[in-house]
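Data first, discussion second: the structure below is written as structure tokens.
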2 protein chains.
Amino acid sequence: MKTFEQLSERQRKMLRFMSGYVNSQGYPPSIREIGDAAGISSTSVVNYNLNKLVQAGFLGRQQRVSRGLRLLKEIPGMILAQGVSGEGPQFPIPLLGRIVASEPVPVPEEALVEDHVDVPAAWLQQEDPSDIFALKVHGDSMIDAMIQDGDTVLLRRQPYADDGDMVAVWLLDRDETTLKHFYAEGKRIRLQPAHPMMDPIYVDAEQLLIQGKVLHVLRALH
Amino acid sequence: MKTFEQLSERQRKMLRFMSGYVNSQGYPPSIREIGDAAGISSTSVVNYNLNKLVQAGFLGRQQRVSRGLRLLKEIPGMILAQGVSGEGPQFPIPLLGRIVASEPVPVPEEALVEDHVDVPAAWLQQEDPSDIFALKVHGDSMIDAMIQDGDTVLLRRQPYADDGDMVAVWLLDRDETTLKHFYAEGKRIRLQPAHPMMDPIYVDAEQLLIQGKVLHVLRALH
DNA sequence: GCGAAATTCAAACATTTGTTCCTGATGGCA
DNA sequence: TGCCATCAGGAACAAATGTTTGAATTTCGC
């Protein structure tokens with residue numbers, strides 16, 4: 001784990017380029033594009049330095065996936081853009097998305113009204129605020145996760161999970177997002193409802209995308 | 001330029017998948033990955049529909065670039081980065097103690113104040129801070145109220161309740177405190193668990209003491 | 001200086017992945 | 001019915017892209 005300043009000039013240059021590229025293009029650059037930008041003629045050298053950046057904790061990398069890069073830290077002098085880009089304001093997109101997309105359920109635009117949640121700073125602790133987001137839960141389909149209609153959940157964006165974590169997962173075969181406790185059992189994933197009366201569901205590891213880990217649940221009653 | 005609802009179900013499914021994928025992976029999916037997720041066996045069909053989405057203004061596409069996709073509009077259910085502010089005025093609320101079966105809610109005495117929880121002032125609105133207190137829930141006996149072990153509940157001290165309120169009540173005959181939704185039915189009181197699968201319990205109005213009304217439920221995971 | 005480790009380089013290789021072509025199915029419409 | 005536009009499927013193709021290999025060069029501690 002190095003700091004940005006401890007990286008080589010070449011590595012910093014690569015990071016700056018990747019950040020700007022993702023920000024402007026919406027997808028990460030290829031190895032050769034990085035090489036061109038950083039003045040590196042050999043793809044292996046780019047590859048070498050990318051691995052160094054992964055090692056330093058700045059980069060996430062998916063092997064054998066083209067453009068399978070993801071920035072993990074904020075880089076000095078760069079705006080880290082997430083979410084929708086290309087239209088409208090780039091940065092303050094404070095809004096609570098809907099979870100439980102499942103099927104049609106047309107959502108009126110009002111449901112996407114921008115809003116934000118005030119949270120005690122102490123709750124975030126050492127979290128990177130740019131990775132924290134909130135979702136408003138609609139409907140009672142999360143009831144087996146002890147979460148009900150109107151609850152707000154605070155999540156940290158991350159594509160992985162540890163056993164026992166409550167995570168927001170996208171079930172590819174069911175085409176819906178749900179909140180469950182995560183347990184890896186070999187290639188099979190067990191999604192355990194928080195409510196002990198409910199049975200777990202099992203899905204193939206390939207059949208789900210982890211969207212984030214739930215850190216807090218907030219419920220306001222009236 | 002179509003609206004989200006005017007797209008075909010298949011196209012909506014593709015969009016939802018792309019949104020979730022980018023959010024969790026950090027880079028867009030490949031054509032084949034989209035096909036797998038949307039149940040499309042042919043890459044040309046995916047390609048066809050991607051072009052339709054471009055035409056509809058939902059998608060930006062870079063020809064000949066792998067994963068050269070970018071979402072241009074917000075779609076229902078998508079998760080966006082968002083604003084969680086750790087700033088702003090905070091209010092310290094005394095944490096009185098634990099609520100456990102067979103023990104009454106403690107009375108506010110300085111000596112009993114074990115700790116306090118910080119809460120955004122905005123949550124309290126026009127409440128009188130001196131009437132607000134917090135309890136830490138111990139055990140799973142409140143699970144039928146959608147509250148679990150470790151949760152912190154924020155309450156306003158009051159001896160009455162309106163229908164539908166979630167209240168902390170002391171059941172004289174059972175000699176225990178519990179959290180339930182309150183409904184007055186003549187001289188009989190119906191205490192309705194928040195979980196729809198659970199049956200309500202009925203008690204005589206003389207047999208319970210309302211200790212306070214629940215305003216918020218806070219749950220920190222891990 | 002010397003040697004080991006780190007870094008760079010060029011080139012070939014293996015996959016991934018976007019693109020294209022052809023065929024078939026379906027649904028309006030005259 | 002027959003025509004035509006839309007949409008779907010399968011396969012082959014070509015380009016983009018990540019990976020590996022072997023050697024050259026630089027860096028750094030002793």
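Here is how names work: the chains are called A, B, and so on, in the same order as the sequence lines, proteins then strands, and each is numbered from 1. Quick caveat: nothing in here was measured; it's all calculated off a predicted structure.
Toward the 5' end of DNA chain D, the nearer of the two residues B:S41 and A:N47, judged by each one's closest nucleotide, is B:S41.
Without hydrogens or angle criteria, B:D36 side chain to B:E33 main chain gives no donor-acceptor distance under 3.5 Å. Checking side-chain atoms of B:R70 against main-chain N and O of B:L59 turns up no donor-acceptor pair under 3.5 Å. With hydrogens and angles disregarded, no donor-acceptor distance shorter than 3.5 Å links the side chain of A:N51 to the backbone of A:Y48.
One finds a side-chain N or O of A:K52 lying less than 4.0 angstrom from the OP1 or OP2 phosphate oxygen of C:dT7. Phosphate proximity of D:dT17 to A:R64: absent, as no side-chain N or O sits under 4.0 Å from OP1 or OP2. Contact annotation: B:Q63 does not reach the phosphate of C:dG18 (side-chain N/O to OP1 or OP2, under 4.0 Å). A sub-4.0 Å separation between OP1 or OP2 of D:dA16 and a side-chain N or O of A:S66 is absent.
Cation-pi geometry between A:R67 and B:Y27 is not satisfied (NZ or CZ under 6.0 Å from the ring centre, within 45° of the ring normal).
Residue side chain A:T43 does not reach the base of D:dT17 through any donor-acceptor N/O pair under 3.5 Å, judged by distance alone.
For the pair B:I34 CD1 and C:dG18 C1', the computed distance is 11 Å after rounding to whole Å. Between A:Q55 atom CD and C:dA6 atom C1' there is a gap of 12 Å when expressed in whole angstrom units. Rounded to whole Å, the distance from CE on B:M14 to C1' on D:dA8 is 13 Å. Nucleotide C:dA11 holds its C1' atom 20 Å from the OH atom of A:Y48, rounded to whole Å. Rounded to an integer number of Å, the gap from B:I40 CD1 to C:dT17 C1' is 16 Å. Across the protein-nucleic acid pair, A:I31 atom CD1 and C:dC13 atom P stand 19 Å apart, rounded to whole Å. If you measure from atom CG of A:N49 to atom C1' of D:dT19, you get 16 Å, rounded to the nearest angstrom. In this structure, B:N51 places its CG atom 15 Å from C1' of D:dA8, rounding to the nearest Å.
Heavy atoms of A:S44 sit under 4.0 angstrom from at least one base atom. Contacts of A:R32 with the nucleic acid, taken as non-hydrogen atoms under 4.0 Å apart, include base atoms.
Side-chain proximity of B:R67 to C:dT8, D:dA8, C:dT17: nearest is C:dT17. With C:dG18, C:dT8, D:dT17 as the candidates, the nucleotide lying closest to the side chain of A:V45 is C:dT8.
Defined by atom type and a distance below 3.5 Å, a donor-acceptor pair is missing between the side-chain atoms of A:Q192 and A:Y183.
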